[in-house]
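Presented below is the structure to which this report refers.
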Amino acid sequence: MGSVDSGNRRSLAIRGALFLLALALPARLAWQGRDVPFLGHFHDDGLYWVSAKSLAEGAGYRIASLPGEPHQTKYPPLYPALLAVIWKIQPGFPGNVTPALVVSWLALPAYLLLTSALLTAMGVGRTRAWVICLILAAHPRVGFLGANLMADLLFCALISAALWMAHRGEKPGVAGLLAGAAFLAKVAALPLLVTAPLCYLLRKRHRHAALFAAGMLPAVLGWTLWTMRRAPASTDPALLYYTNYLGYYRATVSWSDLPLVLAKNAAGLLANICDLVLPASSAILPTAVVWLLALAFIGAAIRWARRAHALQYLLFAAGYAGLFLFWNFPPNERFLLPLYPLLLAALVEAWVEVSDWSRGGHWSPSAIRRAAVVLAPLPLAGLPGLAIGGICLGHAQLPGLYEARRQVLADHRKAYEWIRRNTPASANFIAFEDPNLYAYTGRRARRQPASAMTFYRLTDRQSILEPLAALPDAAAGRYRYLLVSPTDYPDELLESERVWLRQRMEERFGSRAVFRSGEVRVYELGAK
């Protein structure tokens, strides 16, 4: 009896050590970025932040930074409601971003705990599940998200919780409620409303399917009704960009664009699945190798999920990935993060089988086939070597990126201070990082969004650039000032295109420049 207790304590100690070790790298990154220098970089994070401010101040769930303060009808309210607590307790900005980061970062240990529970429920040993969570937490993208005010880790934690409860099958209503909470973190949880009941129905558990749907539907219907009643009635793509996912999609993607969107998204899906497992691999490996590896990883995940009877996770993964094939923004590692535990579980199991074989263990023909799917594309040592190298490279680069961002932000803050002191409180701006401008100055602003097709029409760039330079709203007299920075459109445009855009702005408005700091410019457009 004593030896059993001793073994249990040793196993618990190992799992506890793995948990703390998994948190070490993300905690270090969060400490290095505790001033949240990238706030506003994703744009989503800035909008979460100012919507949280609106909630905290009792103004309702609105985009406080946007002229007219429309209701927030694009991003569900769960994460902003969490941030609103910080605004309520400590309303002083930017001093409140550090406690907001602490609260947001706590989603990471929750994600690891719930993912460990999910994997264990699917038959992965407890210690091995924590090894998988250690690998997950070491990914540079996970650490970077943990050091920013983004909803992704909260979303992933809730997805893991919903899948865990759904897989266990004991409390489908609770699983549905957790899925509803995930939907209120990000609408990308919507496939669960189909895949989870479908899984129950395939197993002839009709009551479970109904209970899950009943648990999730109130969140989906509630948010849908909110958006239908409060979304601005507009056909302006710029306003739709802020307030309506589907409206913006219809305004910017035509039927003739769909084949191009599907093709590019499929390629992006494969590349970023490969980058999840092998960070930065798509930048160094030939495209054909990247696609082959991604297909091998997908095949391994399907085979492992079937063996582990993880139908709930497998169906969700298929529905979730399918959603991104049609979306008007290529999928990246951040969006695909909910699939990462499934991929890791399959690959770790395959490597365990390789290890057993290398030590003289017996392999069944089916085990040989499963491992061959994963290991055939690269030599035996290639996969872990690439993964470790990518993780180390990513973590080595992030502190430098923080510092570069702080230098850019210093020029922005000089502009913000000038704006706060020298412009009317009622003046509206066009600025790429509009939530930041509002948070620092109280002036409302809006960006001129690049077309959704920027990411697809790689050979027709002028049709993308000209609308950005045209500033139609400024011409209509609705905006008085324009803030231009060298870091505008970092994901949408090439560096040469950003230089062209700044030069074009200088040609048009240079004589109206009212402030300069480094490459940051404030132009007065003339609207009153």
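Scope of the values below: all heavy atoms of this structure, side chains included, with no hydrogens, waters or symmetry mates.
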Check your understanding: Minimum heavy-atom separation for Ala450 to Tyr248, with atom names?
Key -> O-OH, 3.1 Å
Revision key, fill the gap. Value for CZ (Phe93) from CG (Leu39), rounded to nearest 0.5 Å, stands at 5.5 Å
Exercise for review: Kindly indicate, with the supporting measurements, whether the criterion side chain to side chain contact (heavy atoms under 4.5 Å, CB included) is fulfilled by Leu119 and Trp130.
Suggested key: CA-CA 9 Å; Leu119 294 174; Trp130 274 110; over 6 Å; no
Point to revise | Check: Val408 main-chain N/O paired with His412 side-chain donor or acceptor under 3.5 Å | key: yes
Practice item. Give a yes or no on whether the backbone of Gly299 and the side-chain of Arg303 come within a donor-acceptor separation of less than 3.5 Å. Key: yes
Exercise for review: Evaluate the side-chain proximity of Leu78 to Leu82: yes if any heavy-atom separation is below 4.5 Å, no if none is.
Suggested key: no
**Study point:** Ser485 vs Phe432 side-chain heavy atoms within contact, under 4.5 Å
**Key:** no
**Study point:** Enclosure of Arg28 CZ (heavy-atom neighbours >12, cutoff 6.0 Å)
**Key:** no
Practice item. Classify the side-chain pair Thr227/Tyr245 by whether it contains a donor and acceptor separated by less than 3.5 Å. Key: no
Exercise for review: For the pair His139 and Tyr340, name the ring-plane relationship: parallel under 30°, tilted 30 to 60°, perpendicular over 60°.
Suggested key: perpendicular
**Study point:** From CE (Met122) to CZ (Arg307), nearest 0.5 Å
**Key:** 12.0 Å
**Study point:** Non-hydrogen side-chain atoms of Thr98 and Val36 separated by less than 4.5 Å
**Key:** no
Exercise for review: Only pairs at least two apart or in different chains count here, so list each ring-ring contact (aromatic ring centres under 6.0 Å, His included) that has a residue in residues 147-173.
Suggested key: none
Exercise for review: Provide the closest heavy-atom pair for Ala107 versus Ala157 in the form atom of the first, atom of the second, distance.
Suggested key: O-CB, 4.1 Å
Check your understanding: More than 12 non-hydrogen atoms from neighbouring residues, nucleotides or ligands closer than 6.0 Å to CH2 on Trp87, yes or no?
Key -> yes
Check your understanding: Is the backbone N or O of Phe324 less than 3.5 Å from a side-chain atom of Asn265, with the two atoms forming a donor-acceptor pair by type?
Key -> yes
Exercise for review: Would you check if the side chain of Ser104 reaches a backbone N or O of Ala100 as a donor-acceptor pair within less than 3.5 Å?
Suggested key: no
Revision key, fill the gap. Per side chain to side chain contact (heavy atoms under 4.5 Å, CB included), Tyr79 is matched among Leu184, Asp44, Leu149 by Leu149
Check your understanding: Is it true that Lys186 and Asp152 have a side-chain N and a carboxylate O under 4.0 angstrom from each other?
Key -> yes
Check your understanding: Any side-chain heavy atom of Pro330 sitting closer than 4.5 Å to one from Lys264?
Key -> no
Check your understanding: Would you say Arg128's side chain and Arg126's backbone share a donor-acceptor pair under 3.5 angstrom?
Key -> no
Exercise for review: Could you go through the side chain to side chain contact (heavy atoms under 4.5 Å, CB included) check for Asn244 and Leu239 one step at a time?
Suggested key: CA-CA 8 Å; Asn244 192 324; Leu239 185 57; over 6 Å; no
Practice item. Name the orientation class of the two ring planes belonging to Phe329 and Trp327 (parallel below 30°, tilted from 30 to 60°, perpendicular beyond 60°). Key: tilted
Review point. Taking the side chain as C-beta and beyond, is there a heavy-atom pair between Ile86 and Val97 under 4.5 Å?
Key: no
Exercise for review: Would you give the length of the straight line joining atom CZ of Arg203 to atom NE2 of His309, rounded to the nearest 0.5 angstrom?
Suggested key: 8.5 Å
Check your understanding: Mind checking whether Phe42 and Phe144 have parallel, tilted or perpendicular rings, split at 30° and 60°?
Key -> tilted
Point to revise | Any donor-acceptor pair under 3.5 Å from Asn148 side chain to Met150 backbone | key: no
Check your understanding: With a 3.5 Å cut-off and no angle check, do the side chains of Tyr402 and Asp35 form a donor-acceptor pair?
Key -> no
Review point. Would you call Arg141-Glu333 a salt bridge at under 4.0 Å N-O?
Key: yes
Study note, to complete from the structure: Output for pair (Leu193 CG, Phe212 CZ), nearest 0.5 Å, gives 7.5 Å
Review point. With no hydrogens and no angle check, do the side chains of Tyr440 and Arg413 hold a donor and an acceptor under 3.5 Å apart?
Key: yes
Check your understanding: Roughly how far, to the nearest 0.5 Å, is CH2 of Trp304 from CG of Leu342?
Key -> 6.5 Å
Study note, to complete from the structure: Minimal heavy-atom distance between Val290 and Leu270, with the atoms involved, is CG1-O, 4.3 Å
Point to revise | Check: Asp275 side chain, Ser281 main-chain N or O, donor-acceptor pair, under 3.5 Å | key: yes
Point to revise | Expected output: side-chain His208 to main-chain Ala166 donor-acceptor under 3.5 Å | key: no
Review point. Under 4.5 Å between any side-chain heavy atoms of Gln72 and Arg62, yes or no?
Key: no
**Study point:** pair Phe316-Leu163: side-chain heavy atoms closer than 4.5 Å
**Key:** yes
Point to revise | Side-chain heavy-atom pair Ile63, Glu69 within 4.5 angstrom cut-off | key: no
Exercise for review: Determine the interplanar angle of the Trp226 and His71 rings, folded into 0 to 90°, and report it as parallel if under 30°, tilted if 30 to 60°, perpendicular if over 60°.
Suggested key: perpendicular
Check your understanding: Regarding Asp434 and Tyr242, is there a side-chain donor-to-acceptor distance under 3.5 Å anywhere?
Key -> yes
Review point. Do NZ/NE/NH1/NH2 and the carboxylate oxygens of Arg405 and Glu433 come within less than 4.0 Å?
Key: yes
Check your understanding: Judged by atom type as modelled, is there a donor-acceptor pair below 3.5 Å linking the side chain of Arg444 to the main-chain atoms of Gly68?
Key -> no
Exercise for review: Report the residues that fulfil side chain to side chain donor-acceptor pair (under 3.5 Å) with Glu57, sequence neighbours left out, ordered by chain and then residue number.
Suggested key: Lys53
Exercise for review: Is it possible for you to check whether Arg34 lies under 6.0 Å from the centre of the six-membered ring of Trp31, through NZ or CZ, and within 45° of that ring's axis?
Suggested key: yes
Practice item. Looking only at non-hydrogen atoms, find the nearest pair between Thr115 and Ser160 and report the distance. Key: OG1-OG, 3.0 Å
**Study point:** side chain to side chain contact (heavy atoms under 4.5 Å, CB included) between Gln448 and Tyr489, intermediate numbers included
**Key:** CA-CA 10 Å; Gln448 187 71 15; Tyr489 303 101; 3.7 Å; yes
Practice item. Go through the steps for Ser54 and Tyr61 under the test side chain to side chain contact (heavy atoms under 4.5 Å, CB included), then give the verdict. Key: CA-CA 6 Å; Ser54 180; Tyr61 192 40; over 6 Å; no
Study note, to complete from the structure: In terms of heavy-atom contacts, Gln90 and Gly95 come closest through NE2-O, 3.3 Å
Check your understanding: Does one side chain, of Arg447 or Tyr241, offer a donor that lies under 3.5 Å from an acceptor on the other?
Key -> yes
Point to revise | Where Phe38 and Leu401 come nearest, the two heavy atoms and their spacing | key: CZ-O, 3.6 Å
Check your understanding: Just how far is it from atom CG of Leu112 to atom CG of Leu18, taken to the nearest 0.5 Å?
Key -> 11.0 Å
Check your understanding: Will you find, in the side chains of Thr243 and Thr73, an N or O donor that is under 3.5 Å from an N or O acceptor?
Key -> no
Review point. Should we say atom CZ of Arg406 is surrounded by more than 12 heavy atoms from elsewhere, each under 6.0 Å from it?
Key: yes
